[in-house]
2 protein chains.
Amino acid sequence: MLISTKGRYALRVLIDMAEHNGTGYIKLMDIAQRQEISEKYLESIVKELVRNNIVTGLRGKGGGYRLSKEPDDIIVGDVLRLMEGGLAPVVCLENSGKTCPRVAECRTLEFWRGLDDVIRQYIDRYTVADLMRTEENGNDYII
Amino acid sequence: MLISTKGRYALRVLIDMAEHNGTGYIKLMDIAQRQEISEKYLESIVKELVRNNIVTGLRGKGGGYRLSKEPDDIIVGDVLRLMEGGLAPVVCLENSGKTCPRVAECRTLEFWRGLDDVIRQYIDRYTVADLMRTEENGNDYII
DNA sequence: TATCAACATACCATTATAATAGGAAATAGG
DNA sequence: CCTATTTCCTATTATAATGGTATGTTGATA
């Protein structure tokens with residue numbers, strides 16, 4: 001399993017917010033109930049989204065969260081990289097500043113780079129608005 | 001980082017075996033030294049490759065390992081799925097027999113399926129023979 | 001000013017990762 | 001047949017990540 005609950009839940013929260021993107025702020029408790037995810041756990045996820053200005057929070061009565069941008073301006077790849085702390089398929093491609101000592105003789109790096117490209121291209125093609133629309137397709141197959 | 005050392009090391013071992021695919025069997029100690037990986041750790045990886053008939057072992061003096069098939073018959077995707085225990089991007093796509101209760105209302109499943117496809121298509125396009133050839137390209141860039 | 005909800009911090013149980021250690025079994029060369 | 005060699009097999013372990021839970025503080029507003 002390549003993507004953890006953090007990335008998956010974050011997307012679900014953003015879609016939920018986009019769908020209830022009406023007047024004011026949305027309480028996290030409401031999202032938690034609709035999505036059937038622990039509110040406390042969602043807090044730690046939303047905190048990350050707030051810090052990166054994908055979502056805006058307002059405390060106090062009538063407070064809650066709302067999207068900081070339009071759904072079609074939120075790129076899925078950005079959200080996933082943020083929540084997962086990068087999505088490089090191998091350590092060698094995490095730009096940690098240090099070069100792998102075996103890079104000259106490495107026979108697999110090229111392959112990993114290609115995989116990284118393929119993943120990046122796919123996840124950066126989708127926005128939160130795109131995910132909302134998948135509903136229409138009626139994806140009620142058995143997994 | 002999506003792929004662990006098990007998957008990465010397994011590929012390096014297979015490439016190493018393919019490159020030294022001469023007369024007889026190759027000692028794991030030799031591979032370990034060339035690849036600068038602990039021999040004991042490699043054992044646990046190669047054991048998995050033996051069990052799945054990708055590699056054949058022979059014990060005793062003059063023993064070692066060799067590929068069970070030709071390098072271009074070993075698909076990288078098969079090796080990775082084996083070593084990583086599946087490569088589904090999310091739990092929902094691991095065919096564990098049970099259906100997600102939220103499948104009907106899930107807005108992200110379609111997206112994850114697409115990601116799974118893209119990854120699968122890429123890694124199943126490569127064989128160990130392909131990886132050997134990347135040497136010629138001279139991939140001496142800085143990461 | 002009471003209430004509500006975000007924000008902050010700390011803690012915790014379980015699992016995965018990346019090994020290491022020690023010995024048993026088999027094979028081939030002498 | 002014996003012995004060195006090398007795979008094979010079964011633990012054990014340290015560290016980190018995952019997936020939470022608990023408690024309390026701050027700030028907005030009705």
Side-chain angles (χ1 to χ4, degrees), chain A residues 1-10 12-13 17 23-33 35-68 80 83-91 94, chain B residues 1-10 12-13 17 23-33 35-68 80 83-92 94 96:
Chain A
M1 176 188 31
L2 305 172
I3 308 288
S4 72
T5 51
K6 280 185 192 172
R8 292 194 289 122
Y9 289 179
R12 282 169 59 186
V13 165
M17 283 183 189
T23 44
Y25 289 82
I26 307 158
K27 280 192 292 181
L28 197 57
M29 202 185 66
D30 289 348
I31 300 177
Q33 281 177 356
Q35 298 296 325
E36 295 171 281
I37 304 171
S38 141
E39 183 189 349
K40 278 293 168 191
Y41 188 44
L42 275 193
E43 266 189 20
S44 63
I45 288 166
V46 173
K47 184 173 62 178
E48 208 68 15
L49 297 173
V50 170
R51 190 154 47 202
N52 285 268
N53 201 35
I54 294 169
V55 145
T56 307
L58 180 77
R59 1 190 190 188
K61 217 166 196 171
Y65 296 96
R66 70 172 178 203
L67 299 180
S68 305
L80 291 180
M83 297 309 300
E84 301 294 321
L87 276 185
V90 291
V91 240
E94 288 168 347
Chain B
M1 177 187 33
L2 305 171
I3 308 288
S4 72
T5 50
K6 280 186 191 171
R8 291 194 288 122
Y9 289 179
R12 282 168 60 185
V13 165
M17 283 182 188
T23 45
Y25 289 83
I26 308 159
K27 279 191 293 182
L28 196 57
M29 203 186 64
D30 290 348
I31 300 176
Q33 282 176 356
Q35 298 295 325
E36 295 170 281
I37 304 171
S38 140
E39 184 188 349
K40 277 294 171 187
Y41 188 43
L42 275 193
E43 264 187 23
S44 62
I45 288 166
V46 173
K47 183 174 61 177
E48 208 68 17
L49 297 173
V50 169
R51 188 152 47 198
N52 284 270
N53 202 36
I54 295 168
V55 145
T56 308
L58 180 74
R59 0 190 190 188
K61 217 167 198 172
Y65 296 97
R66 70 174 178 202
L67 299 179
S68 305
L80 291 181
M83 297 308 302
E84 301 295 320
L87 275 186
V90 291
V91 241
C92 329
E94 286 168 348
S96 57

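Within every chain, numbering begins at 1; the chains are lettered A, B, ... in the order of the sequence lines, protein sequences first and strands thereafter.
- Atom pair A/L49:CG and C/dA6:C1' shows a separation of 14 Å (rounding to whole Å applied).
- The side chain of B/Y9 places an N or O atom within less than 4.0 Å of a non-bridging phosphate oxygen (OP1 or OP2) of C/dA19.
- Interatomic distance, CE of B/M17 versus CG of B/L28, reported as 6.5 Å (0.5 Å rounding).
- Within 4.0 Å (heavy atoms only), B/V46 reaches no atom of the nucleic acid at all.
- Between the P atom of C/dA5 and the CD atom of A/E43 lies a distance of 12 Å, rounded to the nearest Å.
- Residues A/E39 and A/L42 are not in side-chain contact: their nearest non-hydrogen atoms beyond the backbone lie 4.5 Å or more apart.
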Please list, pair by pair, any protein nitrogen or oxygen found under 3.5 Å from a nitrogen or oxygen in nucleotides 27-30 of chain C.
{"from": "C/dT27", "atom 1": "O4'", "to": "B/R59", "atom 2": "O", "distance (Å)": "3.4"}
{"from": "C/dT27", "atom 1": "O2", "to": "B/K61", "atom 2": "N", "distance (Å)": "3.2"}
{"from": "C/dA28", "atom 1": "O4'", "to": "B/K61", "atom 2": "O", "distance (Å)": "3.4"}

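- Remark: A/S38 pairs with no residue by the side-chain hydrogen bond (donor to acceptor under 3.5 Å, both in side chains) rule, at least two apart or across chains.
- If you check every strand for non-hydrogen atoms under 4.0 Å, A/K40 touches a base.
- Between B/Q35 and B/Y9 there is no side-chain heavy-atom pair separated by less than 4.5 Å.
- Nucleotides of DNA chain D nearest to B/E39 and A/E39 differ in position, and the one nearer the 5' end is that of B/E39.
- B/K47 places its NZ atom 13 Å from the C1' atom of C/dA19, with the value rounded to the nearest Å.
- Here the P atom of nucleotide C/dA6 and the CE atom of A/M29 are 9 Å apart, to the nearest Å.
- Listed by chain and residue number, nothing satisfies the side-chain hydrogen bond (donor to acceptor under 3.5 Å, both in side chains) test with B/R8 (two or more places apart in sequence, or in another chain).
- Partners of B/L80 according to the side chain to side chain contact (heavy atoms under 4.5 Å, CB included) rule, which considers only residues two or more places apart in sequence or in another chain, are A/F111, A/W112, B/I3, B/L11, B/V76, B/L87, B/I123.
- Between A/R51 atom CZ and C/dA6 atom C1' the separation is 14 Å, expressed in whole Å.
- The footprint of chain B on DNA chain D, defined by a heavy-atom cutoff below 4.0 Å, extends from D/dT5 to D/dT10.
- Not counting sequence neighbours, the partners of A/Q33 by the side chain to side chain contact (heavy atoms under 4.5 Å, CB included) test are A/M29.
- The OH atom of A/Y65 sits 5 Å away from the C1' atom of C/dA6 (whole-angstrom rounding).
- Here C/dA18 presents its C1' atom at 14 Å from CZ of B/R12, a figure rounded to the nearest Å.
- The side chain of B/S38 places no N or O atom within less than 4.0 Å of a non-bridging phosphate oxygen (OP1 or OP2) of C/dA18.
- When rounded to the nearest whole Å, the span between CG of B/L42 and P of C/dA18 equals 13 Å.
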Contacts table for residues 43-51 of chain A: side-chain donor-acceptor under 3.5 angstrom, sequence neighbours left out:
{"from": "A/E43", "atom 1": "OE2", "to": "A/K40", "atom 2": "NZ", "distance (Å)": "3.4"}
{"from": "A/S44", "atom 1": "OG", "to": "A/Y41", "atom 2": "O", "distance (Å)": "2.6"}
{"from": "A/E48", "atom 1": "OE1", "to": "A/R51", "atom 2": "NH2", "distance (Å)": "2.8"}

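- Residues meeting the side-chain hydrogen bond (donor to acceptor under 3.5 Å, both in side chains) test with B/Y25, sequence neighbours left out: B/R66.
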